[in-house]
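Below: one structure, written as structure tokens.
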Amino acid sequence: MNEDLVLPDSDLSPELREFALQVRDFAHAKLAPHARRIDEERTFRAESVAELANEGMLGGTLSPDVGGSGWSPLQRVVAHEEIGAVCGNTRGFLAVHTGLVASTIERYGNAEQRERWLGPMCRGDSIGCFGLTEPDAGSDVASLACHAEPTDDGYRLTGQKIWITNGGIADVILLFATLDPSKGKDGISAFLVESHRNGIRRTRMPGVDLGHRGSDHARIKFDNVEIPGDALVGSPGQGFEIAMAGLHAGRLSVAAGAVGIHRAALACSIAFANKREQFGRPIAKFQMVQERLADMTVELIASRQIVHRCARRRMEGIETAGDLAAAKLYSTEAAARAADQAVMLHGGRGYSSEFPAERLLRDIMGLRIYEGTTMIQKAILGRAVLG
Ligand SMILES: Cc1cc2nc3c(=O)[nH]c(=O)nc-3n(C[C@H](O)[C@H](O)[C@H](O)COP(=O)(O)OP(=O)(O)OC[C@H]3O[C@@H](n4cnc5c(N)ncnc54)[C@H](O)[C@@H]3O)c2cc1C
């Protein structure tokens with residue numbers, strides 16, 4: 001495979017290329033040996049938390065002041081491409097733990113909350129999850145029903161969350177609940193809830209997940225859970241803004257993860273096409289196979305560029321919701337096309353977990369759905385272009 005496609009971006013500075021290769025070495029040494037097994041066994045691999053912590057990745061984007069590594073947005077997308085190319089479960093864990101939860105605490109938490117949670121989260125001593133989705137509130141976040149009733153010294157929580165990544169293993173839940181359902185989005189507040197509190201019940205999501213099978217996806221029920229007043233993040237009623245800011249920041253990691261899946265789909269297709277012989281020659285010699293590889297390649301280049309553009313605009317402070325929607329929309333849909341082609345190109349072997357193509361196809365479906373579905377990204381982009 002051409003080096004410029006394998007390496008993250010020929011436009012990257014030598015330092016960023018070096019960084020990408022370091023993350024790649026880590027992903028190949030520590031994550032690749034387990035990626036297929038954890039998918040087949042449907043188990044979250046707890047050891048990966050300490051391994052990510054040792055590399056400074058759990059606090060990757062956080063500032064060194066709070067124990068983080070101070071990655072730039074470009075380092076973030078490069079790292080998420082590398083990890084996403086090898087293990088979608090690990091990238092998903094990281095995107096939620098650091099991208100959605102720790103980053104939100106860093107941005108919106110007070111000094112005590114930052115002090116209490118961020119060091120342990122960077123070290124892997126505490127795991128975070130992002131509790132937003134409910135049975136009747138998915139894309140329509142503002143309609144959430146989980147209720148926070150004020151008490152003398154805090155709040156009492158009732159309700160439930162579903163599809164919460166890291167939900168069963170988390171120590172802290174960044175929970176979104178409403179103080180007043182009649183106020184819609186303006187009634188929503190954010191809370192940092194310790195997962196061991198009385199009245200919290202966590203169970204695995206029912207059924208077998210299509211992809212991300214080595215991730216922990218939980219249903220979390222809150223039955224009159226008492227939490228102290230200092231669990232509130234930001235001010236009362238600021239929760240919708242906090243949730244949207246977290247998702248806004250997080251979508252960049254999802255988009256970069258999709259580039260990783262896309263690259264992996266292309267790489268395994270090239271390797272297979274060169275090896276597999278039919279009609280007396282490698283299938284790579286057939287022009288229709290080459291056409292598929294060409295389509296996957298040009299879309300990979302475009303996808304990576306749109307994601308890196310977004311990261312560069314974030315560094316310049318000019319990134320918009322439309323930029324992010326375009327990046328997530330394009331990268332996840334292009335990766336889905338690539339993974340679909342990879343399965344087809346492998347023929348019957350593409351249908352088995354012996355080869356990686358089918359896992360890539362199952363995993364990419366998750367990226368098209370979470371942190372705002374493809375249709376929601378189109379709605380955001382539509383609003384952006386219409387002004
Ligand atoms: C693997 C995985 C991990 C997840 N992790 C988390 C997590 O950590 N935390 C968390 O809070 N949630 C998580 N989720 C939930 C995820 O964010 C939601 O599933 C997603 O936002 C969609 O919500 P929904 O499932 O209720 O679908 P719905 O909102 O019911 O949507 C159903 C369909 O209707 C379409 N639709 C809805 N509204 C519109 C509209 N206005 N215009 C056009 N089409 C529309 C959608 O695009 C979709 O196709 C996860 C989901 C998955 C699959």
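Owing to the predicted nature of the structure, the values given are computational and were not obtained by experimental measurement. Worth knowing before you read on, the calculation uses all heavy atoms, side chains too, and leaves out hydrogens, waters and symmetry mates. Both counts, for ligands and for their atoms, begin at 1 and track the order of listing.
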Does the protein come close to atom 35 (C) of ligand 1 - that is, does one of its heavy atoms sit below 4.0 Å from that atom?
no
Whether the side chain of R202 engages the backbone of A170 through a donor-acceptor N/O pair (distance < 3.5 Å, no angle test) should be reported.
yes
Any donor-acceptor N or O pair under 3.5 Å, side chains S215, N89
yes
Between K161 and ligand 1, which part of the residue brings a heavy atom under 4.0 Å of the ligand: side chain, backbone, both or neither?
neither
Salt-bridged, E333 to R368, with N to O below 4.0 Å?
yes
Would you indicate which of F130, W163, F176 comes nearest to atom 4 (C) of ligand 1 when only heavy atoms are counted?
W163
R91-S253 side chain donor-acceptor pair, cut-off 3.5 Å
no
Atoms in ligand 1 with a heavy atom of I369 nearer than 4.0 Å:
19 (O), 20 (C)
Please list the nearest protein heavy atom to atom 2 (C) of ligand 1 with its residue and the distance rounded to 0.1 Å.
Y370 CD2, 3.4 Å
Whether D323 and R309 form a salt bridge (side-chain N of Lys/Arg under 4.0 Å from carboxylate O of Asp/Glu) is what I want to check.
yes
Applying a strict 4.0 Å limit to heavy atoms, is S139 in contact with ligand 1?
yes
Numbered in order shown, the ligand 1 atoms found under 4.0 Å of a heavy atom of I164 are 7 (C), 8 (O), 9 (N), 10 (C), 11 (O)
When you compare ligand 1 with E134, is there at least one nitrogen or oxygen pair between them that comes in under 3.5 angstrom?
no
Matching residue for E319 among R313, R312, R314 - test: salt bridge (charged side-chain N to carboxylate O under 4.0 Å, His left out)
R314
To atom 24 (P) of ligand 1, the nearest of P135, A170, G138 on a heavy-atom basis is G138
Min N/O separation T133 to ligand 1 under 3.5 Å
yes
for atom 8 (O) of ligand 1, nearest protein heavy atom and its distance come out as T165 N, 3.0 Å
Using the ring-ring contact (aromatic ring centres under 6.0 Å, His included) rule, take W163 and Y370 through it: C-alpha gap first, then chi angles, then the decisive distance, then the call.
CA-CA 9 Å; W163 273 117; Y370 54 64; 9.3 Å; no
Could you check whether atom 20 (C) of ligand 1 has a protein contact, counting only heavy atoms that fall below 4.0 angstrom?
yes
Reported CZ-to-CD1 distance for the pair F44 and I38, which is rounded to 0.5 angstrom:
8.0 Å
Give me the residue, atom name and distance of the protein heavy atom closest to atom 42 (N) of ligand 1.
I376 CD1, 4.5 Å
Looking only at protein heavy atoms, what sits closest to atom 47 (O) of ligand 1 is T373 OG1, 2.6 Å
Counting only heavy atoms on the protein side, is anything nearer than 4.0 Å to atom 49 (O) of ligand 1?
yes
Proximal atoms of ligand 1 relative to L132 (non-hydrogen, under 4.0 Å)
11 (O)
Just to confirm, does any protein heavy atom lie below 4.0 Å from atom 28 (P) of ligand 1?
yes
Going by the atom numbers of ligand 1, which of them fall below 4.0 Å from some non-hydrogen atom of M375?
43 (C), 44 (N), 47 (O), 49 (O)
